[in-house]
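Take a look at the structure below.
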2 protein chains.
Amino acid sequence: MQLENSELYRFLALNGVGHGSSYGFSSSSYDFQIMQSFSNSSISETSPQDRALAALKNHKEAERRRRERINSHFNRIRSLLPCNSKTDKASLLAKVVQRLRELKQQAVEITEMENLPSETDEIRVLSCDYSSDGTSIFKASLCCEDRSDLLPELIQILNSLHLKTLRAEMATLGGRIRNVLVVAADKDHGIESVRLLQNALKSLLERSDSKRSV
Amino acid sequence: MQLENSELYRFLALNGVGHGSSYGFSSSSYDFQIMQSFSNSSISETSPQDRALAALKNHKEAERRRRERINSHFNRIRSLLPCNSKTDKASLLAKVVQRLRELKQQAVEITEMENLPSETDEIRVLSCDYSSDGTSIFKASLCCEDRSDLLPELIQILNSLHLKTLRAEMATLGGRIRNVLVVAADKDHGIESVRLLQNALKSLLERSDSKRSV
DNA sequence: ACCGACACGTGAACC
DNA sequence: TGGTTCACGTGTCGG
């Protein structure tokens, strides 16, 4: 039970009006009871106390509506982020901050991610992490010397890691090749798939190096 | 001025201990004053009142830390979204919901956006809206019959609209071509640039049709 | 004077 | 049980 109208409590106490066993009453019926005790007093109908009381009631309800508005937004966010319905507000807002930072990061990544082959070998795997459910989507870029067995090996890597290829680009220039892949991992191994793919591409690139040096 | 410890207020009032002009005191010094009045009473040192009072003080401070934690997250979010520092919490959370929905939408768009030419002509312009400042980034896809003057016209369109090309893909297959562009608009005309580009590409495609029909 | 947004202290509920 | 989270009513400030 909430303690409310403490000012009025003290006023009533000072004027000898006890509230007795009203402690278990619901909020609304309790308000009504106070209103009655005031309007039954000897003061005129629209007394200052009445107006103050009405203002207090308005204020209380407005504040309740405000809380409901904010909490409904919290619940909407809960349904949009990977979390259950009982994650507390602070952690939820922390997730929001993290998510918005990732989003901001993509702006620079999309401008940096060159799709023409570069002179130096390189591997880039960056998590996009779009979806709110477990499945994570990420983007991989591989740049190395072109060779005929590259594509079959790449396909075999993706199959063995159970990665679904959503999108593939290839660009060749001067004997070099760049592949850009957008792949989706199943929800069970979303996080480690990134590392596994990174290692597989790394060994693929190292094999390419050893062949060239022979 | 905050009204606090209302239970204790009533207790003190019933026991004839007035708090007089303590109304303007700060929260902490006021707590101390109450503590003193209790420990000076005839009850033993670690009385139940003392423990309850200490618990209340702990509770009060814990709640204050919780509020600070939540509000600091709110402020971090404010710096991450296009809004000033005085947007209220409800509107801020509404913006967060909107932003996360856009983010979720990109997951399906990235899978739907095919980069091979299709049989039918089509134009797609979708806003990515990555950055928190005014500049908006969006993605355009154009698929039509291939022809030599397509690329120059495309470049001219982008120049006339002051769109900066961050990334361009081209794929041709069986005499048809698909172009996928990622472009950035300056902050002044971010929104209308989308429509302007859409219309320009549309007329470009219609010109292609009329040429073919001749 | 009113209305809306906020911070505060407090009771309750959940581990 | 203490610790932590939440909802609530209330005081306060600004438009």
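Residue numbering restarts at 1 for every chain, and letters A, B, ... go by the order of the sequence lines. FYI, side chains are in, hydrogens and waters are out, and symmetry mates aren't considered; it's all heavy atoms of this structure.
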Quiz item: Hey, does B:R65 reach any base, or is it just sugar-phosphate, or nothing, if we go heavy atoms under 4.0 Å?
Solution: nothing

Exercise. Looking at every strand, decide which applies to B:N71 at a 4.0 Å heavy-atom threshold: base, sugar-phosphate, or nothing.
Key: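 Answer is sugar-phosphate: B:N71 comes under 4.0 Å of backbone atoms only.
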
Provide, to the nearest angstrom, the distance between the [atom1] atom belonging to [X] and the [atom2] atom belonging to [N].
| X | N | atom1 | atom2 | result |
| --- | --- | --- | --- | --- |
| A:K57 | C:dC2 | NZ | P | 17 Å |
| B:R64 | C:dG9 | CZ | C1' | 12 Å |
| B:N58 | D:dT4 | CG | P | 10 Å |
| A:F74 | D:dC6 | CZ | P | 8 Å |
| A:E68 | C:dA5 | CD | C1' | 16 Å |
| A:K60 | C:dG4 | NZ | P | 17 Å |

Counting heavy atoms from C-beta on, name the nucleotide in [options] closest to the side chain of [X].
| X | options | value |
| --- | --- | --- |
| B:H59 | C:dA5, D:dA7, D:dT4 | D:dT4 |
| A:K89 | D:dG3, D:dG11, D:dC6 | D:dC6 |
| A:R51 | D:dG3, D:dT5, C:dC2 | C:dC2 |

Practice problem: Establish whether the base of D:dC6 is bridged to the side chain of B:E63 by a donor-acceptor pair shorter than 3.5 Å. | Solution: yes

Does some side-chain heavy atom of [Y] sit less than 4.5 Å from a side-chain heavy atom of [X]?
| X | Y | answer |
| --- | --- | --- |
| B:L151 | B:M170 | yes |
| B:R99 | A:L100 | yes |
| B:L154 | B:L201 | yes |
| B:V96 | A:F74 | no |

Would you say a side-chain N or O of [X] is under 4.0 Å from OP1 or OP2 of [N]?
| X | N | answer |
| --- | --- | --- |
| B:R67 | C:dG9 | yes |
| B:R66 | D:dC6 | yes |
| A:R69 | C:dG4 | no |

Quiz prompt | Which residue lies more 5' along DNA chain C, comparing B:D88 with B:E61 via nearest heavy atoms | solution =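 Taking each residue's closest nucleotide, the earlier one in sequence belongs to B:D88.
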
Exercise. Answer yes if the side chains of B:S91 and B:D88 hold a donor-acceptor pair under 3.5 Å, and no otherwise.
Key: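 Yes, B:D88 and B:S91 have a side-chain donor paired with an acceptor closer than 3.5 Å.
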
